[in-house]
Amino acid sequence: MLKKKLSNLRRHWQMREGSMSGGLDILRHIGPGLLVTVGFIDPGNWASNFAAGSEFGYALLWVVTLSTVMLIVLQHNVAHLGIVTGLCLSEAATRYLPRGLSRPVLLSAMAASVSTSLAEILGAAIALQMLFGLPLIIGAAISTLLCAFLLLTNSYSRVEKGIIAFVSLIGFSFLYELTLTDTDWARAAAGMVVPSIPEGSMLVVMSVLGAVVMPHNLFLHSEVIQSRQVNTQGEPSIRRALKFEFFDTLLAMTIGWAINSAMIILAADTFARQHRIVDSLPEAGTLLAPLLGGAAATVFAIALLMAGISSTVTSGMAAGSIFAGIYNEPYDTKDVHSRAGILLSLGLAFLLVIFIGDPFKGLIVSQAVLSLQLPVTIFLQVGLTSSRRVMGTYANSRATTVLLFALALLVTALNLYLLLGLF
């Protein structure tokens, strides 16, 4: 009888430890998605959201919803590539595709990272102008040099959590402000799910889409998650990582959806009702006035600066990963190819800032450019993750492959619609 009780007690504690381990496993797999989220709560997003809300009210909220659903599917899928193969998207392209195909695709991804870095550096420069009155070029130079230093010395890891926490705090302050404004929730809810493209809104639609589903984030997510080298730890570890990765992606992307939607709603409530169209980020700083009063502009500028710095760093990391992958190498800041990718992205972005006449318009256009490259990255991703040669038994199911191709075709159709409208 005593032996039986001891056996039952041992089984009870084993089950409890297993349950606790499962809970801790979830926490251990939280992280890569949140790092990616910083990339789509960046100055480019701010500009796109404020433009959408101030000019078109709640009408373009559906773009954020659609983009976020697409983002969850795509980020979840590309994370599987990193977990199963131990390769980032760029390395996998180099290893499994003909050079004549992989090189142009990856170079176009580098161009997209430059466009991303342009928006981030420009946002940080605008923030420094708001805080200290610095000329835009000087602020851009300071931001570029600071971010290059953080990346090349790998000292960013020491301040990463603090920057993410601060940016998140400001993001949640936008959510809190929804309790202070007179929002028409019925119209807002309809705007989130009912597609509409008001006259003259196509550029903003593509800007919001490109600001949420950012090509460089697909490369970054695969890089960050593959660095854990789960594929070397055996089948049980791979299956566990695949299971919990979805919770990380879903949590992070839902937070991003809420914050981006809140920005559009607040801009609609604050500016659209007064028939004022936001055409500068300093003007958008008045959104925080109900919460912070006279300090609104200063806090807004600090938040914009932190968002610009943190997202410039993630953009630089993605560029380093893409460029190193061209040479079939993992991201490593001590490696010459990773360093070259970082410097190319930040350096070319800074040069482009010099020639921008309208900073706010530059932010909007830079995000629309991302949407033009996005189908290329999606087609690359679906080709790799659907291949049994690459993924083995973890290759996409037929239904997943069809869904991913449908997303790529949808973005392609929207891009063609935009281009036809421009010409």
Side-chain angles (χ1 to χ4, degrees), residues 39-56 60 63-64 67 107-127 129 136-137 139-140 143-144 197-217 260 263-264 267 271 277-284 304 307-308 311-312 314-315 318-319 344-377 411-423:
F40 77 102
I41 310 176
D42 69 323
N45 283 81
W46 292 32
S48 299
N49 292 334
F50 296 146
S54 66
E55 189 168 359
F56 304 104
L60 299 185
V63 184
V64 178
S67 300
L107 289 175
S108 74
M110 276 296 297
S113 80
V114 172
S115 184
T116 304
S117 295
L118 165 66
E120 325 305 24
I121 291 170
L122 193 54
I126 292 171
Q129 189 176 60
L136 207 63
I137 301 303
S143 303
T144 302
I197 302 179
E199 185 178 353
S201 68
M202 197 60 202
L203 179 62
V204 178
V205 168
M206 299 310 299
S207 178
V208 173
L209 175 63
V212 175
V213 192
M214 306 173 85
H216 83 284
N217 268 344
N260 280 297
M263 288 184 185
I264 292 179
F271 297 112
I277 297 176
V278 173
D279 58 7
S280 71
L281 284 177
E283 182 182 7
L304 181 62
S311 53
T312 301
T314 58
S315 174
L344 276 172
S345 180
L346 301 188
L348 291 175
F350 172 71
L351 290 177
L352 288 173
V353 169
I354 297 175
F355 297 100
I356 289 179
D358 183 344
F360 192 79
K361 188 73 171 181
L363 288 171
I364 300 294
V365 172
S366 72
Q367 303 307 289
V369 168
L370 298 183
S371 75
L372 294 175
Q373 197 282 334
L374 182 58
V376 179
T377 295
V411 177
T412 301
L414 288 172
N415 282 326
L416 290 174
Y417 189 86
L418 170 64
L419 292 174
L420 289 174
L422 291 177
F423 297 104

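Note: hydrogens, waters and symmetry copies are ignored here, and every other heavy atom, side chains too, is used.
Remark: side-chain polar atoms of Asn260 are not paired, donor with acceptor, to backbone N or O of Asn45 under 3.5 angstrom. Checking side-chain atoms of Ser311 against main-chain N and O of Ala307 turns up a donor-acceptor pair under 3.5 Å. Side-chain N or O atoms of Ser207 include none that pairs as donor or acceptor with a backbone N or O of Leu203 at under 3.5 Å. The closest donor-acceptor contact from the side chain of Ser54 to the backbone of Ile277 lies at 3.5 Å or more, if one exists at all. No donor-acceptor pair closer than 3.5 Å links the side chain of Ser115 to the backbone N or O of Ala112.
If you take CG on Leu118 and CG on Leu352, they are separated by 5.5 Å, rounding to the nearest 0.5 Å. Here the CG atom belonging to Asn415 is positioned 4.0 Å from the CE atom belonging to Met206, to the nearest 0.5 angstrom. A distance of 6.5 Å separates NE2 of His216 from CD of Glu120, quoted to the nearest 0.5 Å.
Partners of Ser67 by side-chain contact (heavy atoms from CB on, under 4.5 Å), not counting sequence neighbours, listed by chain and number: Val63, Leu209, Val212, Val213. For the side-chain contact (heavy atoms from CB on, under 4.5 Å) test, residues two or more places apart in sequence or in another chain that qualify with Ser201 are Phe56, Leu60, Ile197, Pro198, Val205.
Closest non-hydrogen pair, Phe350 versus Ile137, comes out as CE1-O, 3.8 Å. A pairwise comparison of heavy atoms in Val278 and Phe360 identifies O-CE2, 3.4 Å as the closest pair. Closest non-hydrogen pair, Pro359 versus Ile126, comes out as CB-CD1, 3.9 Å. Contact record, Leu281 with Phe50: CD2-CD1, 3.9 Å, taken as the closest heavy-atom pair.
Contact of the Leu363 side chain with the Ser48 side chain is not registered, since no non-hydrogen atoms from C-beta on lie closer than 4.5 Å. With a 4.5 Å cut-off on side-chain heavy atoms, Met214 and Asp42 count as touching. Side-chain contact between Val64 and Ile264 is present, with heavy atoms from C-beta onward closer than 4.5 Å. Between Leu414 and Val411, every side-chain heavy-atom pair lies at or beyond the 4.5 Å cut-off. You'll find the side chain of Thr116 stays beyond 4.5 Å of the side chain of Asn217, heavy atoms only. Between Leu122 and Pro43 there is no side-chain heavy-atom pair separated by less than 4.5 Å. Considering only heavy atoms from C-beta on, Leu370 comes within 4.5 Å of Pro215 through its side chain.
Side-chain contact, Thr312 with Ser117: no donor N or O sits under 3.5 Å from an acceptor N or O. Checking Thr377 against Gln373 by side-chain atom types alone, a donor-acceptor pair falls below 3.5 Å.
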